[in-house]
Every structure is written in C-alpha cells, then in structure tokens.
Amino acid sequence: MTQAATLTTSPAGAVRSLSRHDVKTLSLAALGGALEFYDFVVFVFFAIPLSTLFFPHSTAPWLAQLQTYGIFAAGYLARPLGGIVMAHFGDRLGRKRMFTLSVFLMALPTLAIGFLPVYEQVGLLAPLLLLMMRVVQGIAIGGEVPGAWVFVAEHAPAGRVGFACASLTSGLTVGILIGSLTASWINHHLAPADLLRWGWRVPFLLGGVFGFVAVWLRRWLSETPVFTAMRERKELSRELPLRTVLNNHGKGVLLSMLVTWVLTAAILVLILMLPNLVQKQFHIDADTAFLGNSFAAFSLCLGCLAYGWLVDRAGERWALLMGSLALIAGTYALFGDLAHGGGYFLWLYPVLGFLVGVVGVIPTVMVTAFPAPIRYSGLSFAYNVAYAVFGASTATLIDYMAERVGRMAPAHYVALTALVSALVAVYLLIEGRDSRAAPSEL
C-alpha cells in the first residue's frame, strides 16, 4: 500500500470503548443494512419456484433454474454502475446522503417483484421484467455495502475499526438470516401448489416494507466525522475520485478485489446456494436444508463479530490468515459428511457458518487500503468490480459444476478462493501493514 493509505497506529492508551453514540450509529446502520440485504438475497432462496413460474413449462428444470440464476447474476453485473456513481457523490457530497439513497432504490424494485405477472400471464415479458427489477436492485446494493463499511469505519474510535466493520457485516448477514427463516417458514407451512400460486410473492412484499423502514431508520444517522473534517478543511478530492484511485492506488484495488473473491464464494456458495445444492446433489429434504441454513446464518452473524473482535486484538492480517485456513477445513468437513449421507449436516453446517464469519475481516482490509478523500470510490470500485466478475458467474458456474463435474466441486471452488485470501494475508504480513487505528487519524 502507499504510505498515504496506511493508518497511524494508536498507542494503547488511546484506545477507548464504544460510546453510546457509537453503539447507536452501529446499531442503526447494521439494522438498516440487514433489511436492505434481505431484499437483495431473498431472490436466491426462491430460485426454484421462480424458475418454474417465469419460464415456459417446456424448459428443462435445470435450464430454467440456470436462467433464474442468470437473472440473479444480473444484479451483480449492475453493482459497479451503482457503486461508481454513488461512491463519486459519496466522496464529494457526503457518505450519509448516498447511504440513504441506496436503501430507497432497493425497496422499490423488491416491492415491485412481489406484484410481477408470471410467464403464463404475459409470456416473455415476465422474465424481462424480473431482470429489470434485479438490475435496479444491483445498482442499489452496489452503493450500499461499500458506503456502509466506510460510514461505520469513519465513525469508529481508534482500535475499534475491525469490530465496527464486522458489526456492520454481521448486520448484513442478519438480512440473510431473515431471508433464510422466511424461506424455511414458507416452505414448511405452504403446500407446493400454494407456494407457486401466491406464497412466493410474500417475501418480496415484506422486503419492500423492510426497505422503507430502513429509509426511515437512517434519517437518525449523522454524517461521518472524517468527511465533515475534510469538508471543513477543503480537502475533498478536487478531481474525479475514481481517476485518482486508478492512477495511484492500483495495489489497493488488486488486493481488495482478491479478498472480495473469497467473500463472494463463501456467502454465495456456502450460505445462499447451499440449501438448493444439498437438495439437488445430496438429496437432503427442503425442511432440513433450510433449517440448517437458518442455523448457519445465525452462526455467521456471531462469527463476523468474533472475527471483528480478533482484528482489533491481533490485526486483520493474522485474522484473515487463520480464518481463511479454518474456512478450507470447515468446507471440506461439511461436504465430506454430505457425501456420506449428511448424518451430521445440522451440526456441521452451523460450525461452517461461524467460520464463514471471516468475511467480517475483509472490509477492514479494504477500508484501510485507501485514504479518506477517495476511500468510498476506491473501496466501491474494487469491491463491486470483483463482485461483478466473480459474483455474477459464481451461481451459474457452481450450479453447472455440481451438475456436470461432481458434487464436491463447490467445496473445491470455495477452498481455492480461501487459499488466495490466505496468500493475501501472508503478503500483508510480509509488508508489515496493520490497521488497529481509526480512519479519522489520517
């Protein structure tokens, strides 16, 4: 990293506990993020009924589901557009404004999906409308996640950046938990015919309401002290922030993209896609699959907090290294059990969910990779481009690999990305970078 991108290490005595204002900011940001992230991910939990309803009945089931995952992937392809535009104005006009706009843009298309006509009613217009709504969701989430990490990190006191970023990440994963619980409840209580007739609409209508609640919550948040200070000192970026990122911070972009790869694999494959994968490839019934997923999503929330605590005590380098290696072991343990009948599925899946909590380390790596004037743009560009490249292809790639290459293929893919993440951690250890300070000290 360049010298400008590093954080000034605080003396031990300068570290303070989170104040009531800090806790309020983290809580409101995390809760709003949870509601918005639910809107974005609930789509994948209902991929099977959506593939049945939005494509011709003559389409082979595996192809219809592949096409549905393609629409899901479109949301990831749209992320860079939202991320770049919102980050530009976030670095120029303020973090809070974009933080609120993103959740509003998410609520509208989610609510609209709940009212969409299906293929039997309007033919090919149905998947096209679904695709359009998914693209708008992608634009919204592209600005939300990077902006949320920057927002909470710049509010955090020295020595608490890791926990602050991990708390926000944990909040985002609560959105996954809400989606998993919703899918579990609906699949358990509704007959398949009722699910296809009207039940699939319920989670999207709820998501629209959740989104508008998140908009209301964010009106109580204040602008970050870092941005306020930069504005008062007239230190805001004078040129296009993204141009500065690309010209001067290529290393930060590359490292951020590499660690984002493991984030996409861990969340998409092990949390979002696994309930469908274990049903299709390992013949686990839907109730058990979604129950295990709910346990895993809850463990993921706790795991993010645990890894955030570790970052503030050991540094993000060691936390990332240990977490990446543990993720490899946990992934193979679960898939090995599934290959032998899945007798310990409901025990091993929550353990793996906790280990996926290593994703709580990744925002700290990225936040500390860029200086404050272009931090939002740098993080957003690296994160969203990586998500567009890796996230957009992961769902279709994993579904195809599991169907054609072998049912252990998803485990091999996750292990590969975790190995790359571990190598990034080794590089950072050699470089000697540490982040136990606050971005406000730049």
Side-chain angles (χ1 to χ4, degrees), residues 41 44-48 65 169-170 173-174 176-189 262-307 310 319 321-361 394-395 397-399 401-419 421-422:
V41 303
V44 77
F45 287 121
F46 291 89
I48 293 176
Q65 190 163 343
T169 308
S170 179
T173 62
V174 169
I176 300 176
L177 175 60
I178 297 172
S180 177
L181 289 172
T182 302
S184 180
W185 190 94
I186 289 176
N187 276 281
H188 180 75
H189 287 87
V262 73
L263 187 153
T264 66
I267 295 296
L268 275 173
V269 178
L270 300 179
I271 303 297
L272 297 181
M273 294 185 65
L274 201 64
N276 289 334
L277 282 172
V278 297
Q279 290 178 67
K280 291 175 59 181
Q281 302 300 327
F282 298 98
H283 309 295
I284 302 293
D285 65 272
D287 276 357
T288 302
F290 282 107
L291 178 62
N293 185 256
S294 297
F295 290 156
F298 178 74
S299 295
L300 170 58
C301 302
L302 300 180
C304 287
L305 296 176
Y307 276 104
L310 183 61
L321 178 59
M322 292 185 289
S324 298
L325 296 177
L327 181 62
I328 294 173
T331 300
Y332 279 121
L334 177 64
F335 273 80
D337 174 68
L338 286 168
H340 290 85
Y344 296 95
F345 174 73
L346 289 179
W347 294 96
L348 288 174
Y349 197 9
V351 173
L352 180 58
F354 185 89
L355 297 178
V356 173
V358 69
V359 301
V361 180
T394 296
L397 176 65
I398 293 300
D399 198 55
M401 289 174 63
E403 194 79 33
R404 296 286 189 269
V405 178
R407 51 190 191 172
M408 290 295 288
H412 299 326
Y413 178 80
V414 173
L416 173 63
T417 65
L419 179 60
S421 178

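The figures that follow rest on heavy atoms only: side chains count, while hydrogens, waters and symmetry mates do not. All residue numbers in this chain count up from 1 along the given sequence.
Side-chain contact between F335 and F282: present, with at least one pair of heavy atoms (C-beta onward) separated by less than 4.5 Å. No side-chain heavy atom of N293 sits less than 4.5 Å from a side-chain heavy atom of S184. Contact annotation: the side chain of D287 never approaches that of L291 to less than 4.5 Å [non-hydrogen atoms, C-beta and beyond].
Rounded to the nearest 0.5 Å, atoms CG (L325) and OG (S421) are 9.0 Å apart.
Looking at residues two or more places apart in sequence or on another chain, you find a ring pair (Phe, Tyr, Trp, His ring centres under 6.0 Å) between H412 and Y332. Listed by chain and residue number, Y38, I178, I186, P203 satisfy the side-chain contact (heavy atoms from CB on, under 4.5 Å) test with T182 (two or more places apart in sequence, or in another chain).
Applying side-chain contact (heavy atoms from CB on, under 4.5 Å) to L277 and the options L338, I398, L270, L272 leaves one that passes, I398.
Environment of OH in Y413: crowded, with over 12 heavy atoms of neighbouring residues, nucleotides or ligands closer than 6.0 Å. At most 12 heavy atoms of other shown residues, nucleotides or ligands fall within 6.0 angstrom of atom NE2 in H340.
In this structure a side-chain-to-backbone donor-acceptor pair under 3.5 Å is present from T417 to V414. Distance alone, capped at 3.5 Å, places no donor-acceptor pair between the S299 side chain and the F354 backbone. Looking only at distances, no side-chain donor or acceptor of T288 sits under 3.5 Å from a matching main-chain atom of I284.
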